[in-house]
S.K.: 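Here it is: the structure, laid out below.
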Amino acid sequence: MAPPRSVAPRRRFVLGFFLVAALAPAAETGPVDYFADNGYGNTVSTLHHPAAEHRDGVTYVAYSGPHEDPYVAAYDHRAGRWHGPFQAGVNPMGKTPDQIDPGELDNHGRPALIVDRQGYVHVVFGGHGGDAALGRNEFGLPGKGRQIHAVTRRPGDISVWEVRDNISPFGTYGQWVLQDDGTLYLFYRHGSHRGDWVYQKSTDDGRTFAPPVPVLRSRPDPARPAMHDSWYAWFDRGLGATITASYVYHPCANPGHTAQRRNTYYMQLDGRDGTWTDVRGGKLAVPLTKADADARTLIVATGDEKSNHGSCHVDAAGNPHIFFRFAGGQMRYVRWDGTAWQGPRPVAAGYGRGSDGDFAVAAPTSVRAWLAQSRDGNGEVNVWETDDGGAAWRKTDTLFVLPAHGLEATTLVRNAHPDARMLVGSQAHESEHLYRRMYLIGDRGPIGRPAAEASHLGDRLERIKALRTGRPKAEAKKKKRAAVPDEER
Ligand code: ZN
């Protein structure tokens, strides 16, 4: 195993700012390795994706900031300069004043970001199934908030945003898929934890969208009325016009809710004609039911072990490679070799306390993963590689270490520049507030900026101190909620 390289990337980073630091007053402009300090709550996830995209020398990133509102920043690789973050909209689930109890946040309305053919930047955010007051949801349970689509007024300029009222408000976990011909898909769960997964399709760069098309059915289990079939799904580009769907089953109590997730599944959409097939190419009837999912699309039955979604990428033959997370956040990898599923194999087995992240497929048996990991109380972003189809994984680099914190991962930056692979947010083990630092990590470590530029909190932390008298009440509420973490719904 390679020796720890926690120091080297930061040294490279500090050298990059040496000249700037030497010419300016150190206290105000000394370099920091984060680009913003106003991430708020659970700032990012791998389910809301992409969280970032590189286009024409600029990497755009999106995360939850103050009031759980979507914030977007951009890094110009040629100029070596950050722009923003700018607020891209207002999350209807946000609370005022700033909260200090994580149980007060919803987190489902985190932004996903895409850049269309013309360079306009789009975000979707703000929904957790949609408030019942919005009307009838024909595909699921009402929830909270409102799914909102916002777009920059000008291409490439993230300073001014406009809301486009052209998608269903009943969404959560928004996921953009942009195909090579410019066709833009928005996938999401159409409701709270019991809702069909659907997509809406746009062929005019997000100006208009076709109505939602359900693809995974949420409904009472015909055999067990006290159980409700539901899903957590992850969609992305496959080969050509194909879109991949990897998903896990959520057996939800009816009424109520559970935190259970089971099994792993795969299917794919042919974007040319809208048909869904299993991994062998056999046609599926959609929206897919639990019975059909089990019979036709199951990869692994996990029994009583919890499974969680990961990401999916295809190789040059179009065969899917998939990450899932199993109990304790341990990453597992499976791949379709054209005939059968190989795996699941553990990735980074025995390393630290759980991983999340993403990967890229170089060849059918050669895969590189970027994982945010927790080890010895520190957050790390490590690179792991396999050259034998996943049987053995080795850690080949450490790109970032954040002492005494956890890290929240995103999927890889879309069309990533090597200097900017993954957006991550810090997670405090103990904290007096919910503000988090945001990092953009690449092959040379984090892309930081002068401290004064990275500071966006103003006097918020001072104002939060006044809230602490309410802490005991908030703690009690948090404990009550802990039975079913909000994150799980
Ligand atoms: Zn549920």
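Values below: every heavy atom of this structure, side chains too, minus hydrogens, waters and symmetry copies. All ligand and atom numbering here is 1-based and tracks the order in the structure. Note that the structure is a prediction, hence the values are computed from the model and not measured.
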S.K.: Can you confirm if the NZ or CZ of Arg436 lies within 45° of the ring axis of Tyr40 and under 6.0 Å from the centre of its six-membered ring?
M.R.: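 No.
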S.K.: So which N/O/S atom does His257 have closest to the Zn ion (ligand 1)?
M.R.: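 Distance check against the Zn ion (ligand 1) picks out ND1 in His257.
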S.K.: Taking atom types as modelled and ignoring hydrogens, do the side chains of Tyr249 and Gln260 form a donor-acceptor contact shorter than 3.5 angstrom?
M.R.: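 There is no such pair between these side chains.
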S.K.: Got an N, O or S from His193 under 2.8 Å of the Zn ion (ligand 1)?
M.R.: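 So His193 does bind the Zn ion (ligand 1) by this criterion.
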S.K.: Taking the Zn ion (ligand 1) as the vertex, what is the angle from NE2 of His250 to SG of Cys252, given to 10 degrees?
M.R.: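 Rounding to the nearest 10 degrees gives 110°.
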S.K.: Between the side chains of Asp270 and Arg272, is the shortest nitrogen-to-carboxylate-oxygen separation below 4.0 Å, so that they form an ion pair?
M.R.: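 Looking at Arg272 and Asp270, the cut-off is met.
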S.K.: Check this for me: Asp304, atom CG, are more than 12 non-hydrogen atoms of other residues, nucleotides or ligands nearer than 6.0 Å?
M.R.: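 No, because the 6.0 Å sphere around CG of Asp304 holds 12 heavy atoms or fewer from other groups.
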